[in-house]
2 protein chains.
Amino acid sequence: MSTLKLGLVYCSLIFNVLFVYKYLHGSHDLVDQKWSKSAAGEAEAVAAVSCSGHGRAYVDGIISGDGKPVCECNACFTGLDCSQSVPGCILDADSGNPIYLEPYWMQHAASTAIVLSGWHRMGYEYDDGSLISKELHSEIFKLHDIVKNVNTTGRYLIFGAGSTQLLGAAVHSLSLESSQPAKVVASVPYYPVYKSQTELLDSTMYKFMGDTSLQNKSDSSTNFIEFVTSPNNPDGQLKKAVLEGSNKIHDLAYYWPHYSPIVAPVDEDIAIFTLSKLTGHAGSRFGWALIKDKAVYERMVKYMDLNTYGVARETQLRALKLLQHVVQGRGNDLFEFGYGTMKRRWELLSKTLEASQRFSVQHLSSQYCTFLDSYRTPSPAFAWIKCEQEDDEECSKVVLGEAKVIGRAGSLFGAGNGYVRISLTDSQDHFNNLLNRMKKLVSQERTQSGTRLHFDTTANKTWDVEYQNMGVDQEMQGSLDGKTSVAVHLQAAITFAAT
Amino acid sequence: MSTLKLGLVYCSLIFNVLFVYKYLHGSHDLVDQKWSKSAAGEAEAVAAVSCSGHGRAYVDGIISGDGKPVCECNACFTGLDCSQSVPGCILDADSGNPIYLEPYWMQHAASTAIVLSGWHRMGYEYDDGSLISKELHSEIFKLHDIVKNVNTTGRYLIFGAGSTQLLGAAVHSLSLESSQPAKVVASVPYYPVYKSQTELLDSTMYKFMGDTSLQNKSDSSTNFIEFVTSPNNPDGQLKKAVLEGSNKIHDLAYYWPHYSPIVAPVDEDIAIFTLSKLTGHAGSRFGWALIKDKAVYERMVKYMDLNTYGVARETQLRALKLLQHVVQGRGNDLFEFGYGTMKRRWELLSKTLEASQRFSVQHLSSQYCTFLDSYRTPSPAFAWIKCEQEDDEECSKVVLGEAKVIGRAGSLFGAGNGYVRISLTDSQDHFNNLLNRMKKLVSQERTQSGTRLHFDTTANKTWDVEYQNMGVDQEMQGSLDGKTSVAVHLQAAITFAAT
């Protein structure tokens with residue numbers, strides 16, 4: 001009995017020590033967290049919902065009948081927990097949705113979480129009367145100074161709803177440089193929004209005039225506004241302005257180490273960036289422009305004032321938190337993840353398309369990058385695919401019809417419909433699916449009935465043709481007799497080998 | 001010794017019970033919070049910063065040298081903790097900054113806090129491919145159904161960056177109803193943004209034509225786009241459309257129980273609302289429009305797509321959380337606070353101005369409100385002040401010069417500069433200061449040296465003049481001899497009474 005008592009005392013004391021330790025250790029939560037506790041619990045619970053690695057739940061998502069947040073699945077996955085794949089589904093690769101960066105932020109959850117009070121920044125303006133967070137301004141400049149992709153010295157900074165809104169603000173501002181209507185131009189292939197946005201309101205102040213190559217390059221009497229997109233969307237090429245003396249808008253959305261070598265700091269009049277392509281937060285609608293000229297800047301500010309009266313405070317807080325994380329790591333972690341992912345994807349896709357006679361893809365070469373301090377292989381955000389065969393008139397229809405992949409038609413970029421833009425920036429599930437479908441499409445070139453192959457018999461080569469299956473048609477039989485080129489209709493798999 | 005032992009055992013057991021209770025009660029924090037803990041601690045710490053009740057600190061504010069968040073002070077307060085008032089400061093009452101609602105959200109902190117993960121909704125679109133949160137859509141409809149201020153049946157819903165962006169989208173969409181350029185009009189006094197936004201891009205599709213009274217009301221060949229603002233900004237009057245057959249944009253920013261009686265659900269083609277005036281979150285840049293016609297809606301969607309590609313996900317989450325709170329309380333708490341505050345402010349200010357011969361203010365009458373189910377006294381967001389004396393040509397300059405209050409000049413509203421709009425929606429500090437200055441201004445009418453009073457001696461009246469202080473100057477003495485009007489320079493308080 002006495003031993004039992006003593007045992008109880010010891011047990012009790014041990015428990016006390018444990019609880020005191022736990023209490024002191026967990027004191028931050030118990031003492032500090034009052035109003036944020038419930039929201040934090042909810043957010044953590046939602047984040048912990050398993051969607052089989054093929055989706056995620058959100059705090060503002062739909063709630064199921066049993067009160068649980070519903071999974072939102074990656075492309076071509078379905079089911080309550082996103083565990084079922086949908087083999088024959090249409091894969092949308094039209095949008096440059098930058099979901100490939102989502103796993104990065106999941107890995108850095110603690111340093112990028114935000115807790116927002118109900119009374120956070122209710123006013124129209126910041127304390128200094130502006131629509132721009134000073135802290136975010138400073139963080140953006142710090143990041144550019146680390147990456148050295150743009151010259152920030154003496155630049156004015158303005159924020160917009162993604163680069164989208166800033167493009168419109170810049171066109172409007174530059175159109176006022178002359179009393180004559182401005183001609184808005186871009187080099188083909190160009191980002192489609194330049195055209196559609198410029199034409200939307202049918203302003204008397206500017207007109208979209210299409211490709212730079214159609215303009216008189218030394219015409220100094222016209223107020224040209226030239227979009228210079230570098231790396232270019234869709235094809236990832238580094239670009240320079242074409243027209244002499246034009247007012248330029250440099251769209252540098254993709255001029256980050258994920259997608260491009262940093263060859264030198266851009267030192268131009270207007271340089272536009274967007275959070276979408278830097279951190280992947282496309283839904284936050286946040287972009288910024290660095291502007292050299294004060295009058296141009298002030299007219300852009302006026303446009304922003306009258307168009308939306310600035311960018312949401314929640315968005316500026318989010319951008320600040322994300323950029324603080326990036327700056328703290330001097331960009332290394334994010335760019336390593338971003339470049340690594342995009343490079344692997346490009347290697348896989350471009351290798352797949354190399355084997356094709358039917359499809360070609362843009363050529364990009366390795367270049368020295370000042371940020372990485374080394375040569376780097378290409379890692380573009382998009383594949384700019386060309387259908388090489390005459391029969392494949394509309395490349396987007398070919399890809400949709402035969403691979404069930406939605407791409408963006410070349411005509412929207414001012415190029416022919418022989419081209420299609422395919423996005424490589426979506427989730428890993430999305431890319432895996434895309435790659436498999438392109439592989440299948442390319443492999444079908446070798447087996448599919450009716451596929452055309454062109455080869456040139458004028459080259460100093462002879463061809464060995466092995467029929468692995470019989471059934472080659474008459475055109476094939478006739479084509480070998482002294483013609484300079486032949487079209488081969490295949491009804492069976494054939495292997496060609498140069499001898 | 002045995003008693004001591006027993007005492008220890010009991011003490012220990014009691015502690016155990018206490019700790020077990022505390023552990024179980026606080027278990028949510030200890031078990032669930034991982035990645036959100038640091039952000040929550042930071043936000044709670046910032047919220048706890050004392051700014052003497054005359055300011056607040058923010059998580060994205062400036063950090064002082066000692067690592068503490070810096071207080072951002074209310075108008076005319078300064079100092080590290082905002083404890084010092086600045087008596088002679090300029091008071092900005094130009095903006096309709098809805099800071100008066102800030103204390104409400106501080107009182108409801110737990111139900112309106114948000115915890116946002118670093119990977120929250122990175123994509124361009126929601127799961128259904130739209131730019132609009134379904135949950136928020138549903139919450140907005142629920143709220144309208146509670147307040148009964150607008151008919152939601154069969155309406156399409158679109159979101160914008162405040163009402164600002166939606167006004168532009170609506171004008172653009174309605175201008176396409178006819179191949180002729182549309183004439184954009186509003187009844188004087190009108191919200192200045194209608195004019196400045198419509199004129200900004202000099203579109204060939206529409207022109208701002210000013211006051212509805214200048215138009216031919218029965219002109220059916222013109223595509224009129226009429227802004228109908230009810231309650232009106234600046235004067236709080238409930239308004240109806242003036243032009244027959246015009247396309248109408250109903251701006252209902254202030255049609256909430258804080259500012260207006262709800263007389264009936266508005267049942268019009270386009271009804272625009274904004275979070276700024278409902279919850280006070282102006283900085284979130286969130287508004288919505290209810291649209292009857294599908295084609296009009298689709299053109300507005302296209303405009304939003306090309307202008308900003310929708311509204312930030314952070315903003316939609318914030319609006320959702322705030323509206324969930326409002327809907328849960330069936331609006332009662334918020335509207336009681338909002339109406340109570342605005343009503344008190346109006347009573348105080350209008351009573352002050354009643355005593356004035358120099359300034360008048362708009363007349364608003366009590367009206368039956370279906371939401372409150374009772375008659376309610378007025379509670380407008382703005383005082384629309386008229387300077388009644390000829391010498392006070394520019395009322396905004398009078399108010400600025402003599403009371404150091406910045407108002408918005410009447411000319412911007414299409415009215416004369418004899419008017420000025422003064423905002424009543426800022427912080428309590430701001431309003432107290434404003435009221436004191438207006439009281440002083442009015443009291444000076446009776447005592448100030450050099451104040452001019454005009455009275456007409458042709459009227460069939462004689463005047464009894466009581467000099468309450470001696471020192472009336474020569475002009476006064478001479479003016480009573482047979483002139484039709486006299487100017488009286490006062491050096492002392494005088495009471496006039498018609499006999």
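Order of the sequence lines fixes the chain letters, A, B, ..., with proteins taken first and strands second; residue numbering starts at 1 for each chain.
Looking at B:D92, there are no atoms closer than 4.5 Å to chain A (heavy atoms on both sides), in backbone or side chain. Using a 4.5 Å cut-off between heavy atoms, A:L320 touches chain B through its side chain atoms alone. For A:L201, the parts lying under 4.5 angstrom from a heavy atom of chain B are both the backbone and the side chain. Proximity to chain B is limited to the backbone of A:T279, based on heavy atoms less than 4.5 angstrom apart. The contact between B:V311 and chain A is made entirely by backbone atoms, counting heavy-atom distances below 4.5 Å. In this structure, chain B has a heavy atom under 4.5 Å from the side chain of A:I99, while its backbone stays farther away. Proximity to chain B is limited to the side chain of A:S95, based on heavy atoms less than 4.5 angstrom apart. Only the side chain of A:Y206 comes within contact range of chain B, judged by heavy atoms closer than 4.5 Å. With a 4.5 angstrom heavy-atom cutoff, A:D426 does not touch chain B via any of its atoms.
Put simply, of A:G162, A:S196, A:G160, A:G168, the one with the most heavy-atom pairs under 4.5 Å next to chain B is A:S196. With respect to chain B, the highest number of heavy-atom pairs below 4.5 Å among A:H108, A:K302, A:M205, A:R56 belongs to A:M205. The choice from A:L275, A:L200, A:L317 that makes the most heavy-atom pairs within less than 4.5 Å of chain B is A:L200. Highest contact tally toward chain A, considering only B:I114, B:L322, B:T112, is held by B:I114 [criterion: heavy-atom pairs under 4.5 Å]. Interface check for chain A: of the options B:A48, B:A45, B:G61, the most heavy-atom pairs under 4.5 Å are formed by B:G61. By number of non-hydrogen pairs under 4.5 angstrom with chain A, the leading residue of B:M106, B:R318, B:Q324 is B:R318. Comparing A:A110, A:A109, A:G283, A:S284 by how many heavy-atom pairs each has under 4.5 Å with chain B, the most go to A:G283.
Put simply, CD1 on A:I62 and CD on B:E135 are 5.5 Å apart, with the number rounded to the nearest 0.5 Å. To the nearest 0.5 Å, the span separating OH on B:Y309 from OG on A:S163 amounts to 13.0 Å. Distance SG/B:C73 to CG/A:D127: 7.5 Å, rounded to 0.5 Å.
Within the 4.5 Å cutoff, side-chain heavy atoms of A:M122 are placed close to those of B:L101. Residues A:Y124 and B:R285 form a side-chain contact, since some pair of their non-hydrogen atoms from C-beta on lies under 4.5 Å apart. Side-chain contact check for A:L306 versus B:T164: every heavy-atom pair is 4.5 Å or farther apart. Counting heavy atoms from C-beta on, the side chains of A:T308 and B:T308 come closer than 4.5 Å.
Looking at every heavy atom in both residues, A:A113 comes nearest to B:A39 through O-CB, 3.5 Å. Shown here for B:W105 and A:W119, the closest heavy-atom pair between the two residues is O-CE3, 3.7 Å. Nearest heavy atom pair, residue B:H120 against residue A:Y58, reads ND1-CD2, 3.8 Å. Of all the heavy atoms in A:W35 and B:A43, the pair that sits closest is CZ2-O, 3.7 Å. When all heavy atoms are compared, the tightest approach of A:Q197 to B:N307 is NE2-O, 4.0 Å. Closest of all the heavy-atom pairs between A:T315 and B:A312 is OG1-CB, 3.0 Å.
Within the 3.5 Å criterion, the main-chain N or O of A:H281 finds no donor-acceptor partner in the side chain of B:R313.
Ionic pairing of B:D60 and A:K321 is not present here: no N-O contact between side-chain nitrogen and carboxylate oxygen is shorter than 4.0 angstrom.
In the model, B:E44 has a side-chain atom that pairs as donor or acceptor with a side-chain atom of A:S36 under 3.5 Å. In this model, no donor atom of one side chain and acceptor atom of the other lie less than 3.5 Å apart for B:S203 and A:D202.
For the salt bridge (Lys or Arg N to Asp or Glu O under 4.0 Å) with B:R121, the qualifying choice from A:E314, A:E102, A:E72 is A:E72, the only one to do so.
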Requested in this report: Give the C-alpha distance, both sets of side-chain angles, the deciding distance and a yes or no for side chain to side chain contact (heavy atoms under 4.5 Å, CB included) between B:E42 and A:V115.
Outcome: CA-CA 8 Å; B:E42 186 196 1; A:V115 175; over 6 Å; no
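The environment of A:K207 atom NZ is dense: over 12 non-hydrogen atoms of other residues, nucleotides or ligands sit within 6.0 angstrom.
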